[in-house]
Amino acid sequence: MEEGVVNEILQGPLRDVFDSKQLITDISGSGNNWAVGHKVFGSLYQEKILEKLRKSAEHCDCLQCFFIIHSMGGGTGSGLGTFLLKVLKDEFPEVYRFVTSIYPSGEDDVITSPYNSILAMKELNEHADCVLPIDNQSLFDIISKIDLMMNSGKLGAAIKPKSLVTSSTGVFKKRQEKPFDAMNNIVANLLLNLTSSARFEGSLNMDLNEIIMNLVPFPQLHYLVSSLTPLYTLADVNIPPRRLDQMFSDAFSKDHQLIRADPKHSLYLACALMVRGNVQISDLRRNIERLKPSLQFVSWNQEGWKTSLCSVPPVGHSHSLLALANNTCVKPTFIDLRERFIRLYKKKAHLHHYLQIEGMEESCFTEAVSSLSALIQEYNQLDATKSMPVEDLPRLNIAM
Amino acid sequence: MSIVTVQLGQCGNQIGFEVFDALFNDSHCPGGLCSKRENEAYQASCKERFFSEEENGVPVARAVLVDMERKVISQTLSKAARSGRWKYGQHSCFCQKQGSGNNWAYGYSVHGPRHKESIMNLIQKEVEKCDSLSGFFIIMSMAGGTGSGLGAFVTQNLQDQYSSALKMNHIIWPYGTGEVIVQNYNSILTLSHLYRSSDALLVHENDAVHKICAKLMNIKQISFCDINQVLAHQLGSVFQPTYSREGSFHYRRNPLGDLMENLVPHPEFKMLGVRNIPQMSENSLAYSTFTWAGLLKHLRQMLISNAKMEEGIDWQVRPPLSGLPPLGKMSVNKETHFNTSIANLVILRGKDVHSADVGHHRALKRVLCAEHLKIQLSILPG
């Protein structure tokens with residue numbers, strides 16, 4: 001809802017990729033106010049947005065899903081973004097809505113981000129088919145780790161150029177301030193790997209609708225924790241199987257997750273492994289067997305793995321892995337968010353900016369926070385079953 | 001008589017390619033134990049079953065390829081064309097763009113009715129090319145969406161439209177540790193529908209074939225291509241021509257009929273499995289010798305101890321003396337449980353096949369023979 005960022009794209013190297021008729025901008029932005037984004041700009045631009053969407057959809061032979069990429073803490077992304085979800089659901093009910101949301105981390109520069117996030121969460125709960133939460137702090141930690149690796153200059157451990165999951169130019173730059181480009185590159189890679197099996201050939205393909213089908217056991221629980229490995233490739237060309245296995249182990253460690261989460265110590269509802277490159281089914285099987293004992297799966301889905309193999313590796317790597325997990329480790333993020341919201345809300349701080357928008361009332365806030373609480377409760381219930389042994393219910397046996 | 005193959009889904013198409021490749025290579029491989037006339041008769045019989053002639057002499061597989069997305073089919077078509085020795089018909093494939101999303105219901109209730117006309121037309125065209133139809137061989141997986149759901153739908157339609165033709169479904173049992181999370185739903189739904197509409201279900205388990213690749217073929221990094229090649233080898237040993245009573249230049253004409261007649265004595269029991277011996281890598285073949293007695297002994301023990309391959313066979317399992325298990329007594333150790341078969345078929349292929357003595361093995365009943373190049377021994381327990 002402001003022109004600066006979009007103009008920058010139009011003048012950058014990718015200007016020909018975007019159709020200039022498919023851009024909508026306004027002047028003043030949303031002022032970090034969810035209500036402005038959702039109620040004001042929503043109603044103002046609904047027709048225009050719908051028209052452009054319909055135009056794009058007409059070009060498609062077969063429309064499968066929408067990707068919505070936004071942040072939760074701001075005004076436009078959060079407010080208008082979630083408004084769009086409802087519109088898409090009404091207008092294109094059979095098309096899946098995949099949302100990549102950037103959650104605010106602890107040290108966030110937007111003071112009202114808890115309000116915006118909680119209000120947006122309610123919409124995500126109800127209208128999104130699948131959400132991939134990501135937070136800036138985790139991305140930043142990953143970048144720092146890469147930087148450390150690059151600068152420590154271990155003997156013989158030179159990193160292959162163009163193999164960083166963050167680099168698009170292959171040039172190593174020293175970064176002082178928050179390196180948003182590199183962080184965004186990680187998210188871009190996430191989306192690339194997600195769609196790789198749909199775009200390239202492989203021996204075990206996986207489409208986007210299969211992701212939702214397999215990883216969302218109940219419509220409410222559609223938050224997937226993602227992790228990308230490897231983050232860089234060493235210049236050593238021979239990758240012995242040990243390195244391949246290391247890639248799998250890393251995918252489950254808490255340092256590689258794109259959100260603050262520790263999946264190993266929480267309960268898995270389902271897990272998907274998307275492998276790209278020169279990895280075969282035996283490697284995949286071996287690693288699943290190896291890692292399974294250290295992971296806890298929910299009692300009704302003990303073998304809950306979805307696997308896919310794509311033959312084409314990403315640029316600069318010989319193989320890569322994207323792990324998507326429906327895991328109760330997203331709970332701490334939500335609980336954190338709720339804490340920060342309650343701290344602000346108790347004092348009614350900054351509330352008047354929202355309430356002065358037509359259509360916003362205090363009930364919006366209370367509804368939003370109770371929807372989040374219900375979600376947290378669902379996860380709590382699942383966690384409670386964590387250490388219980390798998391029940392073998394008496395079942396009708398077929399005589400063999 | 002000819003067999004029309006229907007390949008469904010990614011699994012079906014990938015396996016189908018390997019099967020046709022194996023069948024073609026087997027019937028055309030040079031040098032061997034038989035005379036030229038015998039070889040030609042064998043080739044002709046194999047061709048009649050699986051390939052039809054094209055104008056420029058390149059055999060075309062009698063197959064219909066179906067998938068709900070393009071990539072696998074185009075890959076399969078190009079791989080076949082690249083070999084230059086056989087290929088798929090240009091117009092024998094049907095694909096869509098959206099996939100089935102691992103959803104059985106999508107395959108069965110949405111794609112099935114929507115595309116019934118087109119798919120059945122393609123099959124009809126293929127059937128019309130045959131002089132006489134033995135039946136259909138439908139290759140599908142159980143865990144996915146297209147293979148399982150659409151496969152069940154197509155089989156049902158084949159039963160309605162071609163009620164006098166036999167249908168054998170080749171189903172792939174997914175890995176136990178999961179390759180698709182909803183595979184159990186998809187598999188149960190598929191099995192329940194197929195049981196009513198198919199005549200025989202030939203089952204191959206991914207786990208078992210994976211072990212064969214690892215232990216017997218000594219492949220370090222097993223890919224789906226390797227697994228499919230082992231599968232194709234086993235299927236080839238079942239479907240390639242076998243001698244008829246008249247002697248070595250005459251082959252039995254009705255492959256599916258033979259299999260059903262011997263293996264499915266009662267319509268309620270239609271699940272079949274294959275055990276094949278010997279299975280080993282090409283390198284080891286040069287250092288091995290075989291005798292019929294040895295092979296038959298191993299195969300029989302594999303059967304009664306329920307082993308899927310010739311390594312790790314439990315030799316402790318013996319048939320109970322009276323021929324019937326004693327009433328009211330369960331065997332304490334599950335592994336020594338004797339595996340009783342409803343029906344068996346042994347197919348022997350190789351040198352001096354008539355000298356093989358199958359008679360004294362109580363567990364092995366009917367025998368079909370063929371003398372050709374590779375030594376293969378297969379048994380299908382019902």
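Chain A is the first sequence line, chain B the second, and so forth, proteins listed ahead of strands; every chain is numbered from 1. Keep in mind that the numbers below use all heavy atoms, side chains included, and drop hydrogens, waters and symmetry copies.
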Practice problem: Would you indicate whether the side-chain heavy atoms of B/Tyr88 and B/Gln7 approach each other to under 4.5 Å? | Solution: yes
Self-check item: Selection from B/Gln221, B/His210, B/Gln98 maximising heavy-atom pairs under 4.5 Å formed with chain A
Solution: B/Gln221
Quiz item: So which of A/Asn214, A/Leu284, A/Leu208 has the largest heavy-atom pair count under 4.5 angstrom toward chain B?
Solution: A/Asn214
Quiz item: Side chain, backbone, both or neither: which part of A/Asn205 has a heavy atom under 4.5 Å from chain B?
Solution: both
Quiz prompt | chain B contacts, top residue of A/Ala272, A/Cys62, A/Ser203 (heavy-atom pairs, under 4.5 Å) | solution = A/Ser203
Quiz prompt | Trace of the side-chain hydrogen bond (donor to acceptor under 3.5 Å, both in side chains) decision for B/Ser187 with B/Asn184 | solution = CA-CA 5 Å; B/Ser187 306; B/Asn184 302 316; 5.5 Å; no
Quiz item: Can you list the steps and then say if A/Phe92 with A/Phe66 is a ring pair (Phe, Tyr, Trp, His ring centres under 6.0 Å)?
Solution: CA-CA 10 Å; A/Phe92 303 93; A/Phe66 286 110; 5.2 Å; yes
Self-check item: Derivation and outcome, ring pair (Phe, Tyr, Trp, His ring centres under 6.0 Å), residues A/Phe218 and A/Trp300
Solution: CA-CA 13 Å; A/Phe218 302 103; A/Trp300 37 262; 5.7 Å; yes
Quiz item: When you measure from the centre of the six-membered ring of B/Tyr175, is the NZ or CZ of A/Arg285 under 6.0 Å away and within 45° of the axis?
Solution: yes
Quiz item: Side chain, backbone, both or neither: which part of A/Ser197 has a non-hydrogen atom closer than 4.5 Å to chain B?
Solution: backbone
Exercise. Using non-hydrogen atoms and a 4.5 Å limit, figure out which bit of A/Glu201 sits close to chain B: side chain, backbone, both or neither.
Key: both
Self-check item: Side chain, backbone, both or neither of B/Gln75 within contact of chain A (heavy atoms, under 4.5 Å)
Solution: side chain
Quiz item: Which bit of B/Ile227 comes within less than 4.5 Å of chain A, counting heavy atoms only: side chain, backbone, both or neither?
Solution: side chain
Exercise. Check whether B/Gln14 gets within reach of chain A through its side chain, its backbone, both or neither, counting any heavy atom under 4.5 Å.
Key: side chain
Practice problem: Using the side-chain contact (heavy atoms from CB on, under 4.5 Å) rule, pick out the option among B/Leu263, B/Leu235, B/Ile139 that qualifies with B/Leu202. | Solution: B/Leu235
Self-check item: B/Gln96 portion near chain A, given a 4.5 angstrom heavy-atom threshold
Solution: neither
Exercise. Taking atom types as modelled, find out whether A/Ser253 and A/Asp250 have a side-chain donor-acceptor pair closer than 3.5 angstrom.
Key: no
Self-check item: Part of A/Leu309 within contact of chain B (heavy atom distance under 4.5 Å)
Solution: side chain
Exercise. May I ask you to test the B/Leu194-B/Met140 pair for a side-chain heavy-atom distance under 4.5 Å?
Key: yes
